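Each ligand, and each atom within it, is numbered from 1 in the order the structure gives. Index from 1, following the sequence. Keep in mind that what you see is a predicted model, and the values were worked out from it rather than measured. What's counted below: heavy atoms across the whole structure, side chains too, no hydrogens, waters or symmetry copies.
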Amino acid sequence: MTKKMKQGLLFVVSAPSGTGKTTLCRAMTRIFPGLHYSISHTTRQQRPGDEDGRDYHFTSPQEFQQMIDRSEFMEWAEIYGHRYGTSRAVVEKVLAEGRDVILDIDGQGAKQIREKKLPGAFIFVLPPSLEELERRLSNRRTERKADREDRLGKAKAEMAEAYWYDYLIVNDELEKAQEQLQAVILAGHCRRERMSEFVDEILTAK
Ligand code: ADP
Ligand code: 5GP
């Protein structure tokens with residue numbers, strides 16, 4: 001009997017900038033080799049260490065606008081004066097192939113996906129404290145002071161959005177946070193909607 005291919009699962013991860021969500025999402029792709037980390041399009045400048053096609057698809061504002069006009073984004077948002085968006089076609093293709101997708105996106109984008117009632121697990125990552133968030137942002141050395149202050153200023157408002165997410169993970173000890181995110185992904189595959197066919201198969205087998 002040929003089994004019907006199951007759609008992959010969509011995991012949406014948000015957190016205030018500097019909390020460690022990129023670190024966590026990247027770690028998941030090592031733990032689950034089939035998991036696809038979605039590479040967003042952005043109009044922001046490349047930072048030292050950023051690689052086009054690996055970290056983002058760096059896109060001109062004109063090109064980004066054309067993509068919006070062609071409805072090519074599953075969600076997009078303006079963050080710190082730049083635009084960021086997720087390609088609908090890529091995500092849909094990977095999910096249709098039965099592979100899971102993880103999105104590292106801000107709360108505005110997560111909300112758009114939630115409002116479109118697209119099935120997904122919504123995960124919010126919290127820093128252990130605002131002081132620690134400030135430390136991580138300055139240790140990362142990727143933003144200027146003004147940009148860091150901008151990010152810290154927005155962190156509280158972003159955290160107030162945590163209440164509507166399905167899962168909350170505090171990224172204090174990295175290893176523990178990784179285990180918790182891993183558990184959410186594994187649990188997604190045990191949900192009744194996915195597994196009930198398996199029960200049917202056992203019960204109807206001769
Ligand atoms: P985000 O994607 O949320 O902006 P990053 O993944 O870039 O955050 O992490 C911000 C900084 O914090 C990086 O320098 C990263 O190495 C560090 N970091 C991530 N998780 C932890 C942790 N649990 N403890 C200490 N430092 C961490
Ligand atoms: P950074 O410029 O520091 O890489 O990212 C800034 C913020 O943009 C982060 O909160 C990140 O999660 C968010 N982001 C990255 N890609 C996307 C995207 O495709 N859509 C949305 N809505 N946010 C994104």
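A 6.0 Å sphere centred on CD of Gln7 holds more than 12 heavy atoms belonging to other residues, nucleotides or ligands.
Within the structure, ligand 2 lacks Gln108 among the residues with a heavy atom less than 4.0 angstrom away. At least one heavy atom of Tyr56 sits closer than 4.0 Å to an atom of ligand 2. Ligand 2 has at least one atom lying under 4.0 Å from a heavy atom of Lys21.
The shortest side-chain heavy-atom distance between Arg54 and Ile39 does not fall under the 4.5 Å cut-off. In this structure the side chain of Ile113 reaches within 4.5 angstrom of the side chain of Leu103, judged on heavy atoms. Looking at heavy atoms from C-beta onward, Arg194 lies in side-chain contact with Leu9 at the 4.5 angstrom threshold. Under the 4.5 Å side-chain criterion, counting only non-hydrogen atoms from C-beta, Thr19 is not in contact with Met159.
In this structure, of Thr23, Asp104, Asn171, the residue bringing a heavy atom nearest to atom 15 (C) of ligand 1 is Thr23. The heavy atom nearest to atom 13 (C) of ligand 1, considering only Glu175, Arg140, Lys21, Glu173, is found in Arg140. Considering each of Asp106, Val13, Ile113, the one bringing a non-hydrogen atom nearest atom 23 (N) of ligand 2 is Asp106. Selection from Gln178, Arg26, Arg151, Arg136 by nearest heavy atom to atom 25 (C) of ligand 1 gives Arg136. Atom 21 (C) of ligand 2 has its nearest heavy-atom neighbour, among Glu75, Arg151, Gln112, in Glu75.
Here CZ of Phe124 is found 13.0 Å from CG of Asp166. Values are rounded to the nearest 0.5 Å. Here the CG atom belonging to Asp55 is positioned 8.5 Å from the CD atom belonging to Gln46, to the nearest 0.5 angstrom. A distance of 9.0 Å separates CD in Gln45 from CZ in Phe58, rounded to the nearest 0.5 Å.
The shortest N or O to N or O distance between Asp104 and ligand 2 is under 3.5 Å. For the pair Asn139 and ligand 1, the shortest N or O to N or O distance does not fall below 3.5 Å. The distance criterion of under 3.5 Å between nitrogen or oxygen atoms is not met by Ser17 with respect to ligand 2. The distance criterion of under 3.5 Å between nitrogen or oxygen atoms is met by Gly20 with respect to ligand 1. Below 3.5 Å of separation, one finds no N or O of Glu132 facing any N or O of ligand 1. Considering backbone and side-chain N/O of Arg140, none are found under 3.5 Å from N/O of ligand 2. For the pair His41 and ligand 2, the shortest N or O to N or O distance does not fall below 3.5 Å.
Contact check on Arg44 versus Asp50 returns a salt bridge, with a Lys/Arg side-chain nitrogen under 4.0 Å from an Asp/Glu carboxylate oxygen. The residues Glu131 and Arg135 are annotated as not salt-bridged, no charged nitrogen and carboxylate oxygen being separated by less than 4.0 angstrom. Salt bridge status for Arg151 with Asp147: absent, with no side-chain N to carboxylate O gap under 4.0 Å.
The proximity of Thr86 to ligand 2, defined as any non-hydrogen pair under 4.0 Å, involves the side chain as well as the backbone. The proximity of Pro16 to ligand 1, defined as any non-hydrogen pair under 4.0 Å, is limited to the backbone. Residue Asp172 touches ligand 1 through its backbone alone, judged by heavy-atom distances below 4.0 Å. Contacts between Lys111 and ligand 2 below 4.0 angstrom, taking non-hydrogen atoms only, are absent altogether.
Within the listing of ligand 2, atoms 22 (N) sit less than 4.0 angstrom from a heavy atom of Ala77. The contact set between ligand 1 and Ser17, taken as ligand atoms under 4.0 Å from a residue heavy atom, comprises 4 (O). Taking every heavy atom of Leu174 and a limit of under 4.0 angstrom, the matching atoms of ligand 1 come to 20 (N), 23 (N). Heavy-atom proximity to Gly109, at under 4.0 Å, picks out these atoms of ligand 2: 22 (N).
A pairwise comparison of heavy atoms in Phe11 and Asp100 identifies CE1-OD2, 3.7 Å as the closest pair. Taking every heavy atom of both residues into account, Thr86 and Ser38 meet most closely at CG2-OG, 3.7 Å.
Atom 1 (P) of ligand 1 has its closest protein heavy atom at Gly18 N, 3.5 Å. The protein atom (non-hydrogen) at minimum distance from atom 2 (O) of ligand 1 is Thr22 OG1, 2.4 Å.
His41 and His57 have tilted rings, their planes meeting at an angle from 30° to 60° on a 0 to 90° scale.
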